[in-house]
Peer 1: 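Would you mind keeping the following structure in view while I ask a few things?
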Amino acid sequence: MIYLSGATCGAIFALGLLRGYGFLQTLKTVVALAVAAVPEGLPTVATTTLSLGIRKMRREGVLVRHLDAVESLGAIQVLCLDKTGTLTESRMAVQALLCGMRRITLTNESFFSTEGQVNPYEDHELLRLIHIAVLCNEVEVHGENGQYMLNGSATEAALMQLAIVAGVAIKSLRGQYQRLNVEYRAEGRNYMSILFRAQERKLLAVKGNPEEVLLRCRWVFKDGLRSELTPEMRVAILNENEKMAGQALRVLGFAYASLSDTESTSDPELTWLGLAGMADPIRPGVDQLIDTLQRAGIKTVMITGDQSATAYAVSKQLRLSGTPHLEMLDSAHLERLDPQLLAALAQKIDIFSRVSPSHKLRIVQAMQQAGQVVAMTGDGINDGPALKAADIGIAMGSNGTEAARSVADVVLENDDLKTLIIAVSQGRTIYNNIRKSVHFLTSTNLSEILLVLGAVGSGLGQPLNAMQLLWINLLTDVFPALALSVEPPEPDVLLTPPRDPDKSIISNADLKRYGFESLTISAATMATYGYGIARYGFGPQASTMAFMNLTLAQLLHAYSCRSEQRSIFKDAGLRGSPYLHLAVGGSLALQLLTIFSPVLRRLLGTAPLHWTDLLSIAGGSVLPFVVNEATKSADRKSTRLN
């Protein structure tokens, strides 16, 4: 805009001197035109729009931590969703167990097998599994006599609740063992182990990924005795694990080792105890949210540490891909993929299962390498690297960790994913509104340049003096532009695909359209100015007619800028913006004062007009508005044909 206006104003100055206009008067007009032509209010409009958007989202429970994140929200192309705590409620409850090679279910706080109800204190395998689940657990337990408060992860709290239902004296059991060492889940080690001392021996309690735990087991605890784990038993355990996972249960395997002081604890032969399958209810409304996101052109991807079967079952319930067909990639295959191949595959995959924190980071970076704008949700410390690397990191505010919130760009204060669609809608609306303001400011300012250039070039003198140009700049570059920046969302804002982040905010097609609109406004104003010259000759009356015509045409053009494609004549929804009505009405009242107020007439060099002049101005103001609105439909049809 600076280069364009500078070059044009230079040309006008040269033409004015060639036409014999006074040097000082021409210079003053050109300087005023240069000031009016550059939309210096645009940074203010943009920042105000972003800030108001942040305030509006804050009221909806969406906390935006960075101003520029608002714009990025509207450009999201891929949303990576963590399962536990994001898609689900993070309210784990044990529903099924496999111990002693028998399936046991938990219903209404009672244990049942195929043979009937099971008493945990009469079932050695079940009781030992529960004891190991209590010991290999870091949940803080407060209270006594069955009245407990649990503070810890949802998974471990569910295991502790299992022990409470079974009637295990948790504090007494923990008091019998002295903790010596803890090894947490880590990269390439999907299980946790805690070493205890119990009298003269040591106890190693293990829980984690069933396949990995089973791989380290040589024995099985069955019928109250420890016996060798046969290949047939391994197959049966793995089959049961797949069945539980296929029922959307999160499954953990449990094992232990009883060691003497002389035995090594680095890689002992474990004794298999069984499986625990936990259900985590899907958050209400998440399936509708997924559908809305997909209709908005946003691809939804699940990234989870759960087993493939569990992730697949949950994804199928949510219709994660929008179709019955789901593409899944397990972390075991992820390790073997080079970055370029992963970037190509990442665009097609719907589910990434058994992933570690470093895998999440690799997946996000691969999607970005493929040119996609990626949003990542998470709530845990381990999600931090991926949240920070994503274009938009989205953390849970209530159940999320401080580490996740501190690196995220957006925090959902109530952990309600449904507010995410509000954020996306608002992000798109804010970007669209900034485009509307840019559209208005560019086309109206360009019309001023074209008017002065046309008049000076054709020898019709200077239609506007310096004060009139500055008045127009003050009147039309502030209030209507601000009103456009707070427009409500368009009806189809969530039915259009995300914008291309590499695309300029003003494309070549936009510039052509803006140029056409500017030409209609300046041509109509030139015609009114010519009418004024024919009636009054060169002087204040003709200049006042051009001044009034240009200003009113620009104010009407603000309504045209509410939508780039929809016409106000065909869409009643484009007629009712209270802020725009107020801005245009107030500006119009101020403009009328310039011909009725003696003080403003002296300041701006305007003159009183006859009522027939006002009719001419009204026609010259409305005509470009009608032409621009009518050609919207033509442009839209042309776009569809192309």
Side-chain angles (χ1 to χ4, degrees), residues 39-79 289 292-293 295-298 373-375 390-394 408-413 417-443 477-507 510 514 558-566 573-574 576-580 582-583:
E40 68 280 351
L42 183 57
T44 303
V45 168
T47 305
T48 303
T49 306
L50 293 170
S51 301
L52 290 174
I54 285 178
R55 189 180 70 172
K56 185 174 181 179
M57 284 190 274
R58 180 69 179 83
R59 291 198 293 262
E60 299 288 348
V62 180
L63 178 61
V64 180
R65 300 182 66 247
H66 306 291
L67 196 64
D68 56 352
V70 179
E71 182 186 347
S72 300
L73 276 167
I76 294 173
Q77 296 171 319
V78 180
L79 177 61
L289 171 68
T292 303
L293 289 168
R295 283 190 279 113
I298 299 173
V373 178
V374 183
D391 298 286
I392 290 289
I394 303 169
D409 303 293
V410 176
V411 178
L412 305 182
E413 291 189 299
L417 265 184
K418 286 182 284 188
T419 57
L420 181 59
I421 202 65
I422 297 173
V424 172
S425 172
Q426 192 64 24
R428 291 186 177 187
T429 300
I430 287 169
Y431 183 80
N432 290 341
N433 286 351
I434 292 175
R435 273 182 54 86
K436 292 173 186 178
S437 297
V438 171
H439 179 181
F440 174 73
L441 292 170
T442 304
S443 53
D477 274 16
V478 179
F479 303 115
L482 280 173
L484 286 170
S485 72
V486 292
E487 282 282 294
E490 294 192 26
D492 60 348
V493 69
L494 289 176
L495 297 176
T496 55
R499 64 179 176 83
D500 183 353
D502 296 326
K503 185 179 178 181
S504 172
I505 193 169
I506 303 178
S507 65
D510 293 331
Y514 300 170
Y559 286 98
S560 190
C561 293
R562 291 195 68 197
S563 177
E564 295 179 356
Q565 295 184 326
R566 293 181 296 135
L574 293 176
S577 172
Y579 293 113
L580 192 57
L582 183 62

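Reckoned from all heavy atoms, side chains included, excluding hydrogens, waters and symmetry mates. Note that the numbering runs from 1 along the sequence shown for the chain.
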Peer 1: Residues two or more places apart in sequence or in another chain: which of them pass side chain to side chain donor-acceptor pair (under 3.5 Å) with Arg65?
Peer 2: none

Peer 1: Minimum heavy-atom separation for Ala423 and Met57, please, with both atom names.
Peer 2: CA-SD, 3.6 Å

Peer 1: Let me confirm one number: the OG-CG distance from Ser72 to Leu67, rounded to the nearest 0.5 Å.
Peer 2: 10.5 Å

Peer 1: Quickly, which of Ile422, Leu417, Leu63 forms a side chain to side chain contact (heavy atoms under 4.5 Å, CB included) with Leu412? Name it, please.
Peer 2: Leu417

Peer 1: At their closest point, which heavy atom of Ser443 faces which heavy atom of Tyr514, and how far apart are they?
Peer 2: CB-O, 3.9 Å

Peer 1: I'd like to check the side chain to side chain donor-acceptor pair (under 3.5 Å) partners of Thr442; sequence neighbours left out, ordered by chain and number.
Peer 2: none

Peer 1: Return each pair, listed once, that meets salt bridge (charged side-chain N to carboxylate O under 4.0 Å, His left out) where at least one residue sits in residues 46-57; pairs must be two or more places apart or across chains.
Peer 2: none

Peer 1: Just jot down the side chain to side chain contact (heavy atoms under 4.5 Å, CB included) partners of Asp391, sequence neighbours excluded, or say none.
Peer 2: Gln368, Val373, Val374

Peer 1: Name every donor-acceptor pair, under 3.5 Å, that has one atom in a side chain of residues 45-54 and the other anywhere in the protein, sequence neighbours excluded.
Peer 2:
unit_1: Thr47; atom_1: OG1; unit_2: Pro43; atom_2: O; d: 2.9
unit_1: Thr48; atom_1: OG1; unit_2: Thr44; atom_2: O; d: 2.6
unit_1: Thr49; atom_1: OG1; unit_2: Val45; atom_2: O; d: 2.6
unit_1: Thr49; atom_1: OG1; unit_2: Ser485; atom_2: OG; d: 3.4
unit_1: Ser51; atom_1: OG; unit_2: Thr47; atom_2: O; d: 2.8

Peer 1: Any idea which heavy atoms bring Leu484 and Ala558 closest together, and the distance?
Peer 2: CD2-O, 3.6 Å

Peer 1: Sorted by first residue and then second, give each salt bridge (charged side-chain N to carboxylate O under 4.0 Å, His left out) pair with at least one member in residues 428-441; sequence neighbours left out.
Peer 2: Arg435-Asp510, Arg435-Glu564, Lys436-Glu490

Peer 1: Rounded at 0.5 Å granularity, tell me how far CG in Asn433 sits from CD in Glu487.
Peer 2: 6.0 Å

Peer 1: Who pairs with Ser560 by side chain to side chain donor-acceptor pair (under 3.5 Å), at least two apart in sequence or on another chain?
Peer 2: Glu629

Peer 1: For the residue pair Pro498 and Gly297, what are the closest heavy atoms and their distance?
Peer 2: CD-O, 3.4 Å

Peer 1: Quick check: closest heavy atoms across Ser425 and Val493, and the distance to 0.1 Å?
Peer 2: OG-CG1, 3.8 Å

Peer 1: Got a sec, which residues hit side chain to side chain contact (heavy atoms under 4.5 Å, CB included) with Pro488, two or more places apart in sequence or on another chain?
Peer 2: Arg562

Peer 1: Could you work out, with side chain to side chain donor-acceptor pair (under 3.5 Å) as the rule, every residue matching Glu413, not counting sequence neighbours?
Peer 2: Arg58

Peer 1: Does Tyr431 have any ring-ring contact (aromatic ring centres under 6.0 Å, His included) partners at least two apart in sequence or in another chain, and if so, which?
Peer 2: none

Peer 1: Nearest heavy-atom pair of Ala408 and Gly393: which atoms, and what distance?
Peer 2: CB-O, 3.4 Å

Peer 1: Side chain to side chain contact (heavy atoms under 4.5 Å, CB included) with Ala375: which residues, sequence neighbours excluded?
Peer 2: Ile76, Leu79, Ile392, Ile394

